[in-house]
Number of protein chains: 2
Amino acid sequence: MLFSGLPDEAFDRTLQPIDHFIFPPGCLLHESGRSGEFIFSIRRGLVKLINIAPGGVQRIVRLLGPGSSVGLELLDGEKGYRHPVVAVNEVDVCRIPVTTVKQLQADYPVLHDQVRERLQEQLDRADDWIVSMGTGPAKERVVNLLLMLGEICGDGNGDIEMLHLDDMAAIVGTSIETVSRIIAELKRHHLVYKVANHLYRLDRGALSVIIGDTAG
Amino acid sequence: MLFSGLPDEAFDRTLQPIDHFIFPPGCLLHESGRSGEFIFSIRRGLVKLINIAPGGVQRIVRLLGPGSSVGLELLDGEKGYRHPVVAVNEVDVCRIPVTTVKQLQADYPVLHDQVRERLQEQLDRADDWIVSMGTGPAKERVVNLLLMLGEICGDGNGDIEMLHLDDMAAIVGTSIETVSRIIAELKRHHLVYKVANHLYRLDRGALSVIIGDTAG
DNA sequence: CGAGGGGTTGACGCCGATCAAAGCTGGTGG
DNA sequence: CCACCAGCTTTGATCGGCGTCAACCCCTCG
């Protein structure tokens with residue numbers, strides 16, 4: 001969590017409350033309060049940061065799971081969020097007023113480091129995204145996405161909650177038909193197989209071979 | 001600069017010196033000192049952050065110009081840089097020991113904000129990159145790149161220093177031949193024309209039409 | 001049972017990768 | 001001052017991957 005490392009009494013004097021929310025899939029996080037006043041810390045589930053190009057085409061620029069923070073850009077004093085943020089699964093978040101974070105940063109300098117590490121983590125994620133989702137044939141990109149899903153919200157078994165086709169297409173930058181064909185082929189070769197409704201298991205070793213990762 | 005907002009006397013007690021370097025094109029910044037000890041602040045010129053995939057394929061994940069900082073990830077206590085950083089032009093930088101930044105952060109909390117803003121700026125840049133360089137036909141991506149070059153290191157006239165084909169290809173994710181054909185076509189239509197050796201001028205209005213930016 | 005939304009599958013055309021070869025250009029040495 | 005060479009750029013020909021359009025399937029829900 002964003003506040004790990006802070007003592008419990010740190011929160012005794014916060015002027016505004018830290019609330020806990022649960023969003024259903026497809027819900028826009030920002031609507032839970034007036035725009036640009038809250039930072040969210042994700043406890044469970046998956047959210048997508050989307051970019052809407054002039055023309056209406058959507059592209060997903062990041063997936064964030066448990067432990068990640070949303071809205072840190074508000075600390076720079078700007079009014080709005082950079083991207084619309086939408087729940088993919090059912091999502092469990094802490095909603096923290098920006099003023100509370102600023103206040104706590106002043107009282108506990110270690111929080112500065114926490115915030116910086118979150119930002120750095122997102123930057124690393126974005127760089128990885130540029131390489132994984134922006135390069136190579138469609139098949140490699142889809143496989144990269146599946147493996148990344150396992151890392152972000154893997155449940156230990158290596159099972160992932162499969163996204164909808166349009167989300168995956170908006171991530172890897174292809175048409176939904178192409179994604180459908182690729183995943184169908186992966187299923188035929190038993191590199192991906194269903195274990196429950198929307199829950200799929202990955203053969204990570206075999207998938208890693210496809211993207212040419214000789215380190216397995 | 002990274003230290004704007006700090007008083008001059010802040011640097012009187014720094015244990016290690018802040019040096020000034022000039023790198024020729026193609027030079028790896030990290031080699032100027034032992035690995036993982038320095039943060040660079042760019043004063044002039046352009047650097048590229050590159051990612052080398054297993055297999056040797058290079059992809060450029062970011063271009064940084066004057067005002068940007070390189071190596072902020074070292075503040076997280078890790079040993080190495082995330083990406084190799086290579087000078088594109090002749091580059092003018094300040095080399096700042098990580099320990100100096102940490103020391104100054106402790107003495108001047110406002111520096112925490114400066115660092116956070118730099119990170120946020122790079123995150124915004126990365127997100128924009130994902131959209132601009134990862135979506136749409138090759139022509140749009142190249143035009144986006146040219147316009148972005150003008151923003152990062154524009155000299156006011158709207159002139160840009162043209163990159164080499166292989167760099168542009170590594171940015172937009174196409175072959176060098178495709179980039180060459182696209183730029184040749186732009187020249188034919190007088191949307192781009194040479195004003196000096198490697199210096200080109202852009203017709204921004206007309207180029208904006210290509211990428212469908214109705215706000216032009 | 002019918003409607004609708006997502007997923008699947010096929011046919012076809014085009015964009016862009018690839019291979020190949022021919023200009024250009026700047027640097028080097030005679 | 002010129003010839004030469006290496007690396008970069010340009011251009012052409014060909015081919016495959018993937019976008020697009022269209023039809024169909026399947027599951028859910030009213």
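So you know, we letter chains A, B, ... as the sequences are listed, proteins then strands, and number each from 1. None of the values given here were measured: they were computed from a predicted structure.
The distance from atom CD of E185(B) to atom P of dG16(C) is 11 Å, rounded to the nearest whole Å. Atom CZ of R188(B) and atom P of dT11(D) are 6 Å apart (whole Å). Put simply, NZ on K194(A) is 13 Å from C1' on dT8(C), counting in whole angstrom units. In this structure, R181(B) places its CZ atom 13 Å from P of dT14(D), rounding to the nearest Å. Rounded to whole Å, the distance from CD1 on I176(A) to P on dT8(C) is 10 Å. When rounded to the nearest whole Å, the span between NE2 of H164(B) and C1' of dT10(D) equals 15 Å. Regarding L165(A), its CG atom lies at a distance of 4 Å from the P atom of dG7(C), rounded to whole Å. Rounded to whole angstrom, the span from the CD atom of E177(B) across to the P atom of dT11(D) amounts to 13 Å.
Listed pair T174(B) / dG16(C) fails the phosphate criterion, with no side-chain N or O lying under 4.0 Å from OP1 or OP2. The phosphate of dG17(D) (OP1 or OP2) has no side-chain N or O of K139(A) nearer than 4.0 angstrom.
With DNA chain D read from its 5' end, the first of the two nearest nucleotides for S180(B) and T178(A) is the one closest to S180(B).
With hydrogens and angles ignored, the 3.5 Å screen pairs a side-chain donor or acceptor of R118(A) with a backbone N or O of G67(A). Under the 3.5 Å distance criterion, the side-chain polar atoms of R125(B) are matched with a main-chain donor or acceptor of L63(B).
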* Check the pair F21(A) / F40(A) against ring-ring contact (aromatic ring centres under 6.0 Å, His included), numbers first and verdict last. => CA-CA 10 Å; F21(A) 283 80; F40(A) 297 90; 7.4 Å; no
* Asked: Given the rule in the salt bridge (charged side-chain N to carboxylate O under 4.0 Å, His left out) test, do D167(B) and K48(B) qualify, once you have shown the distances and angles that lead to the verdict?
  -> CA-CA 9 Å; D167(B) 279 340; K48(B) 55 181 176 183; 2.7 Å; yes
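Taking the side chain of A184(B) as heavy atoms from C-beta on, and the options dG16(C), dG26(C), dT11(D), the nearest nucleotide is dT11(D).
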